[in-house]
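Structure record follows, encoded as structure tokens.
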Amino acid sequence: MHYDRRLPESRDTYTRIYAAVRRIPAGKVATYGQVASLAGLPRRARQVGYALHALPEGSDVPWQRVINARGEVSPRTASIGWESVQVQILETEGVVFDESGRVDLEVYRWEPS
DNA sequence: AAGTTGACTATTT
DNA sequence: AAAATAGCCAACT
């Protein structure tokens, strides 16, 4: 098969991002930038956020395991409230947040081997 | 088709 | 340590 290389990553960009997110084990987290690199899309952290935002509700993609580089769940501009849901799910998975709502990335960041 | 937007990040105040 | 700045880049309008 013969693909048109002029087309950017195109639609399979999202697929690759989702695949990377699916690799994050429960009890661990990854940052947007980390997921981007893992998906072979370095420097495209914002696109990862975009992809997750587009995710349908019943998805099997563990979107809650992706947090920002400061160790906090990223604030949405709209539909506020999901942040706390995200925190709750992560706590269920064993991730600990400190009193300021932050995760110690030194401890919980997923390091693929 | 050009300008805006954003679930980002690294750097500088 | 928290907030503003600047750089980023594809999706969206």
**Complete:** To the nearest angstrom, the CZ-P distance between A:Arg76 and B:dA7 comes to 9 Å
**Prompt:** Between C:dC12, C:dA2, B:dC8, which nucleotide gets closest to the side-chain atoms of A:Tyr32?
**Reply:** B:dC8
**Request:** Examine distances only and state if a side-chain atom of A:Lys28 and a backbone atom of A:Val107 form a donor-acceptor pair shorter than 3.5 Å.
**Result:** yes
**Item:** Between C1' of B:dA10 and CZ of A:Arg46, the distance in whole Å
**Value:** 13 Å
**Asked** Between A:Gln34 (CD) and B:dA10 (C1'), how many Å, whole number?
**Response** 16 Å
**Complete:** Taking B:dA7, C:dA2, B:dA10 as options, the one with an atom nearest any side-chain atom of A:Ala69 is B:dA10
**Prompt:** According to a 4.5 Å side-chain heavy-atom criterion applied to Ile, Leu, Val, Met, Phe, Trp and Tyr, with indirect links allowed, do A:Leu105 and A:Tyr32 form part of one hydrophobic cluster?
**Reply:** no
**Request:** Identify whether any heavy atom of A:Glu83 sits under 4.0 Å from a base atom; if not, whether one sits that close to sugar-phosphate; answer base, sugar-phosphate or nothing.
**Result:** nothing
**Prompt:** With a 4.0 Å cut-off on heavy atoms, is A:Trp63 in touch with a base, just the backbone sugar-phosphate, or nothing at all?
**Reply:** base
**Message:** In this structure, how many angstroms lie between the P atom of C:dA2 and the CG atom of A:Asn68, rounded?
**Reply:** 13 Å
**Asked** Is the distance from OP1 or OP2 of B:dC8 to the nearest side-chain N or O of A:Ser74 less than 4.0 Å?
**Response** yes
**Message:** When you measure only distances, ignoring hydrogens and angles, does the side chain of A:Arg43 come within 3.5 Å of the base of C:dC8 through a donor and an acceptor?
**Reply:** no
**Item:** Side-chain donor/acceptor of A:Asp98 to backbone N/O of A:Gly101, under 3.5 Å
**Value:** yes
**Message:** Output the rounded distance in Å from CZ (A:Arg16) to P (C:dA11).
**Reply:** 13 Å
**Message:** What I want to check is whether the side chains of A:Arg76 and A:Gln86 have a donor and an acceptor closer together than 3.5 Å.
**Reply:** yes
**Message:** Can you work out whether A:Pro42 or A:Tyr50 has the more 5'-proximal nearest nucleotide on DNA chain C?
**Reply:** A:Pro42
**Item:** Nearest-neighbour nucleotide for the A:Gln47 side chain, B:dA10, B:dA7, C:dC9 considered
**Value:** C:dC9
**Prompt:** Just how far, in rounded Å, is C1' of C:dA1 from CD of A:Glu72?
**Reply:** 12 Å
**Message:** Ignoring hydrogens and geometry beyond distance, is the side chain of A:Arg44 in donor-acceptor contact with the base of C:dA10 at under 3.5 Å?
**Reply:** no
**Asked** For DNA chain C, whose closest nucleotide is more 5', that of A:Ala54 or that of A:Arg70?
**Response** A:Arg70
**Item:** Distance in angstrom units between A:Leu52 CG and C:dA11 P, rounded
**Value:** 14 Å
**Message:** It should be established whether A:Thr77 places a side-chain nitrogen or oxygen under 4.0 Å from OP1 or OP2 of nucleotide B:dA7.
**Reply:** yes
**Prompt:** Could you state the CG-P distance from A:Asp12 to C:dA10, rounded to the nearest angstrom?
**Reply:** 14 Å
**Asked** For A:Arg22, does the CZ atom sit with more than 12 other heavy atoms under 6.0 Å from it, leaving out its own atoms?
**Response** yes
